[in-house]
Protein chains: 2
Amino acid sequence: MNKLSYKISEFAENCGVNKETIRYYERKNLLQEPSRTSTGYRIYSSDDVKRVRFIKRVQELGFSLSEIYKLLGVIDQDNIRCQGMYDFVSQKEEELQKQIEDLKRVETMLKDLKQRCPDVKQLHECPIIEMLIVD
Amino acid sequence: MNKLSYKISEFAENCGVNKETIRYYERKNLLQEPSRTSTGYRIYSSDDVKRVRFIKRVQELGFSLSEIYKLLGVIDQDNIRCQGMYDFVSQKEEELQKQIEDLKRVETMLKDLKQRCPDVKQLHECPIIEMLIVD
DNA sequence: CTTGACCGTGTACCTTAGTACACGGTTTAT
DNA sequence: ATAAACCGTGTACTAAGGTACACGGTCAAG
């Protein structure tokens, strides 16, 4: 049963976030200004719940809020939705691959450093330190 | 030719960092208080250059400054140097592997999302969005 | 002997993604 | 009618790793 109007606390809980986070997203223009009661309370719909959950899901894929802001711009425009989305995902995938490569390179370096260690590790000279301290 | 005394600007330049960064490292106790001229100017040696470069190199391996702080504590103690260093590197390697696994999982999800896209991407319905919007 | 280039200290500011709180109005239950 | 539990706004704070000023003292060259 989809409710048609939530106040901020119930809304936030439904979205799985803090209500301060909702206000924060509003400030960051990820959510447009909600309608208000006569006394100024924010009112949200179940579409808004979907939007916040969408944001959270995309965020888990490694997108920053500012990237999501741009992404929502593309989605909200509606006509070039699909191409924009595809490009967005493709670009992020590329970034991710670079990041993974970087981490792997570091991993290799760490492994390499470890291999230089002598069997008796109570020595005063540490080859790892020597390696990192050169010139 | 190793100079025996640098003032902060020359020192920072030699280390490849900003001089504010040097002061910052001092505040964070990564560098001990340097000796001073009679008028209070900081004086550094080429050993200090090595130390900062060491910090930078280790930082590039993915260690945070607070980890490096602990690491320097181990190194400065000198007697259990090697064991401490080995453990440090081993632990970081493990963390790194977890991080790589996480990123790979996301990469797989992105690839999966892309595959759902139709050949003609000018459609109004975008399967990526549909996938991410499901409640 | 004065100008510019240093140096000192302390503090504010930056980014990201929020969290926390204080002060005051509103709504709901008793 | 009054207290609890909401809501509003604005501001400050968090972590990490710095950067950027402002204000004042110092040092070297002309």
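Keep in mind that this is a model prediction, so the values were computed, not measured.
Following rounding to the nearest Å, A:Phe11 (CZ) and D:dG8 (P) show an atom-to-atom distance of 12 Å. D:dA16 atom C1' lies 14 Å from atom NZ of B:Lys70, rounded to whole Å. In this structure, A:Ile22 atom CD1 and D:dT9 atom C1' are separated by 17 Å, rounded to whole Å. Rounded to whole Å, atom P of D:dA16 lies 16 Å from atom CD1 of B:Ile55. The separation between B:Leu31 atom CG and D:dG18 atom C1' is 14 Å, rounded to whole Å. Put simply, CD on B:Glu13 is 11 Å from P on C:dC7, counting in whole angstrom units. Rounded to whole Å, the distance from CD on B:Glu33 to C1' on C:dG8 is 13 Å. Atom pair B:Glu26:CD and C:dG8:C1' shows a separation of 11 Å (rounding to whole Å applied).
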Problem - Reading 5' to 3' through nucleotides 14-28 of chain C, protein heavy-atom contacts under 4.0 Å coded B for base, S for sugar-phosphate only, - for none - result: ---BBBBB---BSS-
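Inspection of the A:Glu95 and A:Gln91 side chains reveals an N or O donor paired with an N or O acceptor under 3.5 Å.
Qualifying salt bridge (Lys or Arg N to Asp or Glu O under 4.0 Å) partners for B:Asp87, counting only residues two or more places apart in sequence or in other chains: none.
Using cut-offs of 30° and 60° for the angle between ring planes, the B:Phe11 and B:Tyr44 rings count as parallel.
Counting heavy-atom neighbours within 6.0 Å of A:Lys28 NZ, excluding the residue itself, gives a total of 12 or less.
Of the side-chain N and O atoms in A:Arg42, one or more sit less than 4.0 angstrom from OP1 or OP2 of D:dG8.
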Handout entry: Verdict with supporting geometry, B:Arg42 and B:Arg36, side chain to side chain contact (heavy atoms under 4.5 Å, CB included)
Key = CA-CA 5 Å; B:Arg42 289 172 177 81; B:Arg36 306 273 185 146; 3.6 Å; yes
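Under a 3.5 Å cut-off, the side chain of A:Arg51 and the backbone N or O of A:Leu30 do form a donor-acceptor pair.
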